[in-house]
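Residue indices begin at 1 and follow the sequence shown. In this text, all values refer to a predicted model and were calculated from it rather than measured experimentally.
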Amino acid sequence: MSEFYLGARSLLRLRGIHPDLVRVVKRAIEITDVDFTVLEGVRSAARQRQLVASGASRTLRSRHLTGHAVDLGAYVGGHVRWDWPLYYSIESAMKQAAKDVGVNIEWGGDWTSFKDGPHWQLPWAQYPA
Ligand SMILES: [Zn+2]
């Protein structure tokens, strides 16, 4: 068990997220070696359009729009950090957590064209919008 827990802000950002994905995140925080925070959950269409326009996202069909995706940021020394090794630690925890609670998830870090280390989502096939 880790010493980490989801803070009030993280819990707020999980509002509207599909309960299966919430279960994975809540299990992951119990077992992760690296603390993380929920950066973003449900996203408005307006914000998604902004992100695509700025190049931060590649799709208007983001799973964030429907509550099927969350972004997790490594939280170390009081700051969100972007170094990849931290995200591989979170990856281990999230994938183990998904097994523990019996939910299939996809990691943006496994994508080949546009790697998105903070991004986690429920698969379209099993969870159509
Ligand atoms: Zn995302």
Side-chain angles (χ1 to χ4, degrees):
M1 298 293 271
S2 76
E3 73 265 39
F4 306 124
Y5 61 93
L6 294 173
R9 212 167 22 177
S10 286
L11 292 171
L12 201 67
R13 288 171 178 163
L14 287 177
R15 281 211 305 214
I17 295 299
H18 192 290
D20 285 356
L21 187 50
V22 171
R23 280 162 60 216
V24 177
V25 173
K26 286 186 169 174
R27 174 63 184 149
I29 198 70
E30 294 176 349
I31 59 176
T32 184
D33 293 330
V34 168
D35 196 6
F36 62 78
T37 183
V38 179
L39 297 171
E40 194 162 8
V42 178
R43 190 179 282 167
S44 71
R47 172 155 166 78
Q48 187 63 31
R49 281 193 298 272
Q50 235 173 33
L51 289 171
V52 169
S54 74
S57 176
R58 297 280 173 94
T59 178
L60 288 171
R61 292 180 72 232
S62 167
R63 300 242 78 188
H64 283 284
L65 297 170
T66 52
H68 291 87
V70 292
D71 294 334
L72 304 179
Y75 195 74
V76 178
H79 302 279
V80 174
R81 290 185 34 189
W82 302 104
D83 345 9
W84 271 96
L86 298 171
Y87 287 84
Y88 291 125
S89 292
I90 296 169
E91 175 202 7
S92 302
M94 279 293 284
K95 289 183 176 174
Q96 182 59 51
K99 275 185 205 152
D100 290 351
V101 301
V103 170
N104 281 325
I105 51 168
E106 294 172 348
W107 182 38
D110 286 325
W111 296 342
T112 46
S113 59
F114 186 56
K115 281 194 185 297
D116 190 351
H119 184 90
W120 293 89
Q121 68 180 33
L122 295 169
W124 282 99
Q126 290 163 272
Y127 298 88

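The CG atom of D83 sits 10.5 Å away from atom OG of S89, with the distance rounded to the nearest 0.5 Å. Atoms CH2 and NZ, on W84 and K115 in that order, are 6.0 Å from each other to the nearest 0.5 Å. Y75 OH to I90 CD1: the interatomic distance, rounded to the nearest 0.5 Å, is 13.0 Å. Annotation: the span from I17 atom CD1 to L11 atom CG amounts to 12.5 Å, rounded to 0.5 Å. Between the NE2 atom of H68 and the OG1 atom of T66 there is a distance of 4.5 Å, given to the nearest 0.5 Å.
S54 contributes a side-chain N or O that, together with a main-chain N or O of L51, makes up a donor-acceptor pair within less than 3.5 Å. Side-chain atoms of R13 come within 3.5 Å of backbone N or O of V38 as a donor-acceptor pair. W120 places no side-chain N or O within donor-acceptor distance of the main-chain N or O of A69, the cut-off being under 3.5 Å. Remark: the backbone N or O of D20 is paired with a side-chain donor or acceptor of H18 at under 3.5 angstrom.
No side-chain donor-acceptor contact under 3.5 Å links N104 and Y127.
Taking 4.0 Å as the cut-off between side-chain N and carboxylate O, D71 and R43 count as a salt-bridged pair. Salt bridge status for E91 with K95: present, with a side-chain N to carboxylate O gap under 4.0 Å. We find that E106 and R63 are not joined by a salt bridge, their nearest charged nitrogen and carboxylate oxygen being 4.0 Å or further apart.
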Point to revise | Test side chain to side chain contact (heavy atoms under 4.5 Å, CB included) applied to V25 and M94, step by step | key: CA-CA 7 Å; V25 173; M94 279 293 284; 4.1 Å; yes
Point to revise | Audit row: I31, Q96, side chain to side chain contact (heavy atoms under 4.5 Å, CB included) steps and yes/no | key: CA-CA 9 Å; I31 59 176; Q96 182 59 51; 3.8 Å; yes
Practice item. List the steps, then state whether side chain to side chain contact (heavy atoms under 4.5 Å, CB included) holds for V103 with R23. Key: CA-CA 9 Å; V103 170; R23 280 162 60 216; 3.9 Å; yes
Check your understanding: How far apart are the C-alpha atoms of V80 and T37, what are their side-chain angles, what is the distance that settles it, and do they pass the side chain to side chain contact (heavy atoms under 4.5 Å, CB included) test?
Key -> CA-CA 8 Å; V80 174; T37 183; 3.9 Å; yes
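In the hydrophobic cluster analysis, where Ile, Leu, Val, Met, Phe, Trp and Tyr join through side-chain heavy atoms closer than 4.5 angstrom, V76 is grouped together with W82. Follow the hydrophobic side-chain contacts under 4.5 Å out from V101 and you reach L14 in the same cluster. Hydrophobic clustering keeps L122 apart from W111 (ILVMFWY residues linked when any side-chain heavy atoms are closer than 4.5 Å, directly or through intermediates).
For OH of Y88, the number of neighbouring non-hydrogen atoms (other residues, nucleotides, ligands) closer than 6.0 Å is greater than 12. Other residues, nucleotides and ligands contribute only 12 or fewer heavy atoms inside 6.0 Å of the NZ atom of K99.
Aromatic ring orientation, H64 versus H119: perpendicular (interplanar angle above 60°, classes split at 30° and 60°).
The one candidate from R47, R9, R15 that meets the salt bridge (charged side-chain N to carboxylate O under 4.0 Å, His left out) condition with E40 is R47.
What you find for W107 and D116 is that their closest heavy atoms are NE1-O, 4.1 Å.
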